[in-house]
Amino acid sequence: MLLIDGKAIAEQIKSELKTKVEDYKRRVGKVAGLSVIIVGDNPASQVYVRNKAKSCVEIGMRSEVIELPASVSQADLIEKIGELNRNPDVHGILVQQPLPKHIDEFAVTLAIAPEKDVDGFHPENVGKLCIGRLDDCFVSCTPFGVVELLKRCEIETEGKHCVVVGRSNIVGKPMANLMMQKLKGMNATVTVCHSATPNVAEFTRQADILVAAMGKARFITAEMVKPGAVVIDVGINQIDDPTKKTGKRLVGDVDFDGVSKIASAITPVPGGVGPMTIAMLLANAMKSFERHHGLKPS
Ligand code: NDP
């Protein structure tokens with residue numbers, strides 16, 4: 001059984017990006033810049049934003065965190081995004097979700113220039129993903145990270161049956177869309193399950209590649225998995241664990257102990273898909289920088 005080490009692969013990607021940052025800095029005297037806007041003081045969002053900024057700095061990219069109060073108006077937030085859209089030193093813009101209730105998240109997504117939308121949430125990027133123009137768009141970082149994990153672990157996807165459990169706009173749908181593309185490292189037959197799917201196990205048992213992205217702790221048990229399947233666990237769920245100092249620990253959507261006994265490859269939680277999400281965000285920011293300056297690695 002292959003334990004897919006997302007942490008190590010993400011470090012490898014970051015190291016490759018660091019080399020590119022240095023190469024481009026020598027050639028054009030500039031580095032890619034990522035601006036992250038955080039609204040309010042949601043503690044989980046603050047951790048995510050800190051981690052993104054830290055990773056940016058680690059590889060030599062420019063990072064800017066813009067903190068706005070929870071009371072900020074939608075108009076003022078959109079005005080701020082407009083400033084970043086116009087700033088040539090900003091190559092990636094990300095607005096951390098969730099946003100306060102008085103702000104329409106879709107309006108905010110639409111306000112970000114598609115060529116700086118490194119989260120890949122803008123409909124122009126989503127549309128380009130659907131029609132297979134992957135070179136010409138940004139893909140949502142988590143599913144993009146899953147495809148990169150499969151590629152780097154040399155897991156065959158062509159003609160395989162990939163079952164995605166979950167259909168959110170940021171994970172499930174782009175995951176399914178990616179896997180069905182007629183492209184190398186994808187090209188699978190895809191089934192998507194969601195909360196209205198009766199008997200999810202009937203579908204998951206047919207999967208050669210199973211992607212669990214439903215946000216239900218340890219939902220996928222060994223009985224739901226075909227022996228020899230590749231299992232990708234996107235879920236991040238906090239459960240009580242009295243043996244831990246904090247009284248909590250993180251688990252995925254897959255019952256790792258049971259499923260790892262029958263899978264041919266599996267991602268752990270933590271240390272699987274999670275670190276890849278940030279690595280792909282940095283990769284998207286680099287892609288934006290390359291497009292802006294018409295650069296290719298030397
Ligand atoms: P959402 O809550 O937005 O979506 C969950 C999806 O799962 C929905 O489509 C829902 O169906 C479906 N679902 C829920 N329960 C069931 C069920 N019993 N059977 C089948 N389908 C079900 O979550 P996200 O997509 O945002 O995230 C999914 C998980 O991934 C979460 O644990 C999240 O924390 C984690 N995550 C991890 C990331 C990482 O970097 N590793 C990044 C982003 C998310 P319906 O549409 O019908 O409601």
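Just so you know, residue 1 is the first one in the sequence shown, and it goes up from there. Note that ligands are numbered from 1 as they come in the structure, with each ligand's atoms numbered from 1 the same way.
Between Val234 and ligand 1 there is a heavy-atom distance shorter than 4.0 Å. Contact between Gly172 and ligand 1 is absent, with no heavy atom of the residue lying under 4.0 Å from the ligand.
Of all protein heavy atoms, the one lying nearest to atom 33 (C) of ligand 1 is Ile236 N, 4.1 Å. Protein heavy atom at the shortest distance from atom 8 (C) of ligand 1 is Arg167 N, 3.9 Å. Looking only at protein heavy atoms, the nearest one to atom 43 (C) of ligand 1 is Val171 CG2, 3.8 Å. In this structure, atom 15 (N) of ligand 1 lies nearest to the protein heavy atom Lys216 CE, 3.6 Å. Nearest to atom 24 (P) of ligand 1 among the protein's heavy atoms is Ser168 OG, 3.7 Å. Atom 31 (C) of ligand 1 has as its closest protein heavy atom Gly215 CA, 3.5 Å. Closest to atom 42 (C) of ligand 1 among all protein heavy atoms lies Thr142 OG1, 3.3 Å. Shortest contact from atom 21 (N) of ligand 1 to any protein heavy atom: His194 C, 3.1 Å.
The proximity of Val165 to ligand 1, defined as any non-hydrogen pair under 4.0 Å, is limited to the side chain.
Test Lys25, Lys20, Arg27 against Asp23 for side-chain hydrogen bond (donor to acceptor under 3.5 Å, both in side chains) and you get one pass: Arg27.
Applying the side-chain hydrogen bond (donor to acceptor under 3.5 Å, both in side chains) rule to pairs touching residues 212-227 yields Asp208-Lys226, Thr221-Glu223, sequence neighbours excluded.
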Verdict with supporting geometry, Arg50 and Glu67, salt bridge (charged side-chain N to carboxylate O under 4.0 Å, His left out):
CA-CA 11 Å; Arg50 251 201 318 272; Glu67 296 180 46; over 6 Å; no
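Geometric assessment of Arg249 against the ring of Phe256 yields a negative cation-pi assignment under the 6.0 Å and 45° thresholds.
Salt bridge status for Lys80 with Glu83: present, with a side-chain N to carboxylate O gap under 4.0 Å. By the 4.0 Å N-to-carboxylate-O rule, Lys184 lies too far from Glu154 to be salt-bridged with it.
Note on ring orientation: taking the six-membered ring where Trp is involved, the planes of His91 and His293 are tilted (angle from 30° to 60°).
When only modelled atom types and interatomic distance are considered, Ser45 and Gln96 share no side-chain donor-acceptor pair under 3.5 Å.
For atom 2 (O) of ligand 1, the nearest protein heavy atom lies 4.0 Å or farther away.
Taking each of Gly235, Ser195, Gly272 in turn, the one with a heavy atom nearest to atom 47 (O) of ligand 1 proves to be Ser195.
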